[in-house]
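Side chains included, hydrogens not; waters and symmetry mates left out as well; all remaining heavy atoms used. Each chain gets a letter, A, B and so on, in the order the sequences are listed, and its residues count up from 1. Remember, it's a predicted structure, so these values are computed and weren't measured experimentally.
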Amino acid sequence: MDKKEKVLEIIKRLDKIYPNVKTALNFNTPLDLLVATILSAQTTDVNVNKVTENLFKKYKTAYDYANASLEELEKDIKSINFYKNKAKYIKSLAKELIEKFNGEVPKTMEDLVSLPGVGRKTANIVLWNAFGINEGVAVDTHVKRLSKLLGLTENTDSDKIEQDLMKITPREYWGKLSHLLIMLGREICKAKSPQHKICPLNDICPSSGI
DNA sequence: AACTCGGGGCA
DNA sequence: TGCCCAGAGTT
């Protein structure tokens, strides 16, 4: 089974246990998701959803974030790690949305990654979940770890891993693959305690040991 | 490529 | 108490 066939098999199997997979971050609007995804860096989606439940009631548009003081925004996301950095990103990002994009969240990779605090991972999450656009593969720590464990990639650099995954995966599955691997990484193939026995990929995983 | 940012949950 | 967690920017 070559890598292209393997990816399709992985998607097929994971799709069965995670049907209609999508981001675990709660959101109503593209701006909500952009903010939530920035907040999610190096923390858990549970922590993010706890904060955004109230945050999104208070800040509904880019203008709301731009007009708020940095101190107030910091206070509203204080339970998130790196909250000072993230508050700064979100506030300046909101200004750029107003100046360059009429207050709307742009729908292209180029425009999204031009925003402060937004990298390819965040952009891919937003593009796929908010707009249904397959522009790339979202590579986070889970995808990074699993793509190597599964023998799909050998690189360690996130951008190279994304390129590798894009080459061997049909474009229509890029967004789905990202989230399937993230779910597998969170719930089954955990970094510290991989659950080989209940993993649907244990017979085709080089790292399974079963 | 290594380093910095660092709150909260859980063992 | 100590360790980890849906990254991105800077050096």
Would you classify [X] as touching base, sugar-phosphate or nothing, given that sugar-phosphate means primed atoms plus P, OP1 and OP2, and contacts are heavy atoms under 4.0 Å?
{"X": "A:Ala138", "result": "nothing"}
{"X": "A:Ile182", "result": "base"}
{"X": "A:Ile38", "result": "nothing"}

Report task. Inspect the surroundings of CD in A:Glu110 and state if more than 12 heavy atoms from other residues, nucleotides or ligands are less than 6.0 Å away. Result ->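 Not more than 12 within 6.0 Å, no.
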Query raised in the report: Got more than 12 heavy atoms from elsewhere within 6.0 Å of NZ, A:Lys160?
Result: no
Query raised in the report: When you compare C:dA6 with B:dC10, how far apart are their P atoms, in angstrom units rounded to a whole number?
Result: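 To the nearest whole Å, 14 Å.
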Query raised in the report: Of all heavy-atom pairs between A:Trp174 and A:Thr169, which one has the smallest distance, and what is that distance?
Result: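 Nearest pair, atom of A:Trp174 first, then A:Thr169: NE1-O, 2.9 Å.
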Query raised in the report: Which atom pair, heavy atoms only, marks the closest approach of A:Leu31 to A:Lys60?
Result: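 Nearest heavy atoms, A:Leu31 then A:Lys60: CD2-O, 4.1 Å.
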Protein-nucleotide distance ([X], atom [atom1]; [N], atom [atom2]), rounded to Å:
{"X": "A:Tyr83", "N": "C:dG7", "atom1": "OH", "atom2": "P", "value": "20 Å"}
{"X": "A:Trp128", "N": "C:dA6", "atom1": "CH2", "atom2": "C1'", "value": "14 Å"}
{"X": "A:Arg186", "N": "B:dG9", "atom1": "CZ", "atom2": "C1'", "value": "14 Å"}
{"X": "A:Ile80", "N": "B:dG8", "atom1": "CD1", "atom2": "C1'", "value": "9 Å"}
{"X": "A:Glu162", "N": "C:dA6", "atom1": "CD", "atom2": "C1'", "value": "15 Å"}
{"X": "A:Lys88", "N": "C:dA8", "atom1": "NZ", "atom2": "P", "value": "16 Å"}
{"X": "A:Lys86", "N": "B:dC5", "atom1": "NZ", "atom2": "C1'", "value": "9 Å"}

Closest listed nucleotide, where the reference is the side chain of [X] and the choices are [options]:
{"X": "A:Asn47", "options": "B:dC5, C:dA6, B:dG7", "value": "B:dG7"}
{"X": "A:Ser79", "options": "B:dG8, C:dG7, C:dA6", "value": "B:dG8"}
{"X": "A:Asn81", "options": "B:dG7, C:dA6, B:dC5", "value": "B:dG7"}
{"X": "A:Phe82", "options": "C:dG7, C:dA6, B:dG7", "value": "C:dG7"}

Report task. Specify the residue among A:Tyr89 and A:His179 whose closest nucleotide of DNA chain C lies further upstream toward the 5′ end. Result ->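 Closest to the 5' end, via its nearest nucleotide, is A:His179.
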Query raised in the report: When you match A:Arg120 and A:Thr44 each to their closest nucleotide on DNA chain C, which lands nearer the 5' end?
Result: A:Thr44
Would you say a side-chain N or O of [X] is under 4.0 Å from OP1 or OP2 of [N]?
{"X": "A:Lys192", "N": "C:dC4", "answer": "yes"}
{"X": "A:Thr122", "N": "C:dA6", "answer": "no"}
{"X": "A:Lys50", "N": "B:dG9", "answer": "yes"}

Query raised in the report: Do NZ/NE/NH1/NH2 and the carboxylate oxygens of A:Glu135 and A:Arg171 come within less than 4.0 Å?
Result: yes
